[in-house]
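A short worksheet on the structure shown next.
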Amino acid sequence: MKDFLTLASERYSVRKYDTREIEDEKLEKILKAGQIAPSANNYQPQRVFVIKSEEGLEKIRAFTPYCFEAPVILLICYDKDVSWKAIDGHDSGIVDASIAITQMMLEAWDLGIGSLWVRGYDKIKLDELFDLPENLVSVALLPLGYPSDESKPVGLHFKNVSLDEMVSYL
């Protein structure tokens with residue numbers, strides 16, 4: 001692995017994939033990165049559905065254009081019956097699932113596989129499309145695939161707010 005800041009800064013949202021399949025051992029590493037992600041009280045509420053059958057991919061492609069013909073799409077959810085709840089009622093499930101997604105994106109990139117965080121869809125319709133039980137809450141889709149030769153980061157990828165704007169010391 002490259003040093004972490006290099007890895008994190010070079011990763012970008014891939015919107016054009018080539019047709020190569022992701023090797024099973026690489027997909028397992030990506031899923032392992034989601035499994036070992038930190039979660040509140042280590043409750044591990046993240047649940048991941050791997051969509052790579054032609055039937056499943058067609059369902060997603062008919063539902064949203066934002067998966068860009070990726071050969072594998074992960075549907076990441078959290079189980080609200082398992083997720084940790086704070087004293088004020090805050091459910092940590094969406095945060096826990098988001099941490100898992102981030103770790104999977106970074107592991108994928110380290111393996112040469114691109115990804116894209118997708119939340120441009122109607123969540124209720126997605127839950128119905130895959131007949132998710134009431135206890136599972138979908139958080140995002142994560143298309144995965146090898147970037148095509150034409151793939152490149154969009155211009156906004158290189159724009160960051162300054163640390164002075166982002167950080168305050170108390």
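Note that these values count all heavy atoms, side chains included, but never hydrogens, waters or copies made by symmetry. Since the structure is predicted, the reported quantities are computational estimates derived from the model, not experimental observations. Throughout, residue positions are numbered sequentially from 1 according to the sequence presented.
- Listed by first and then second residue, the side-chain hydrogen bond (donor to acceptor under 3.5 Å, both in side chains) pairs that reach into residues 126-149 are E23-Y146, K26-Y146, D79-N135, K123-D127, D127-S138, sequence neighbours excluded.
- Taking a 6.0 Å sphere around CZ of F63, one finds it holds more than 12 heavy atoms contributed by other residues, nucleotides or ligands.
- Between F158 and P153, the shortest heavy-atom contact is CZ-CG, 3.6 Å.
- Residues W117 and I76 are members of one and the same hydrophobic cluster, defined by side-chain heavy-atom contacts under 4.5 angstrom among Ile, Leu, Val, Met, Phe, Trp and Tyr.
- Here the closest non-hydrogen pair linking V139 and R119 is O-CD, 3.2 Å.
- By the 30° and 60° cut-offs, the orientation of the rings of H157 relative to Y12 is perpendicular.
- Residue-environment remark: NZ (K85) exceeds the threshold of 12 foreign heavy atoms within 6.0 Å.
- Residues near L170 contribute nothing to a hydrophobic cluster around it, because no ILVMFWY side-chain heavy atom sits closer than 4.5 Å to its side chain.
- Contacts classified as salt bridge (Lys or Arg N to Asp or Glu O under 4.0 Å) and involving residues 53-63 (residues at least two apart or in different chains) are given here: E54-R61, E58-R61, R61-E69.
- Closest approach of I60 and C67 over heavy atoms only: CG2-SG, 3.6 Å.
- Remark: of the listed residues L142, L144, I30, L142 is the sole one forming a side-chain contact (heavy atoms from CB on, under 4.5 Å) with M105.
- The shortest heavy-atom contact between C77 and F49 is SG-CE1, 4.0 Å.
- When all heavy atoms are compared, the tightest approach of A33 to E107 is CB-CB, 3.6 Å.
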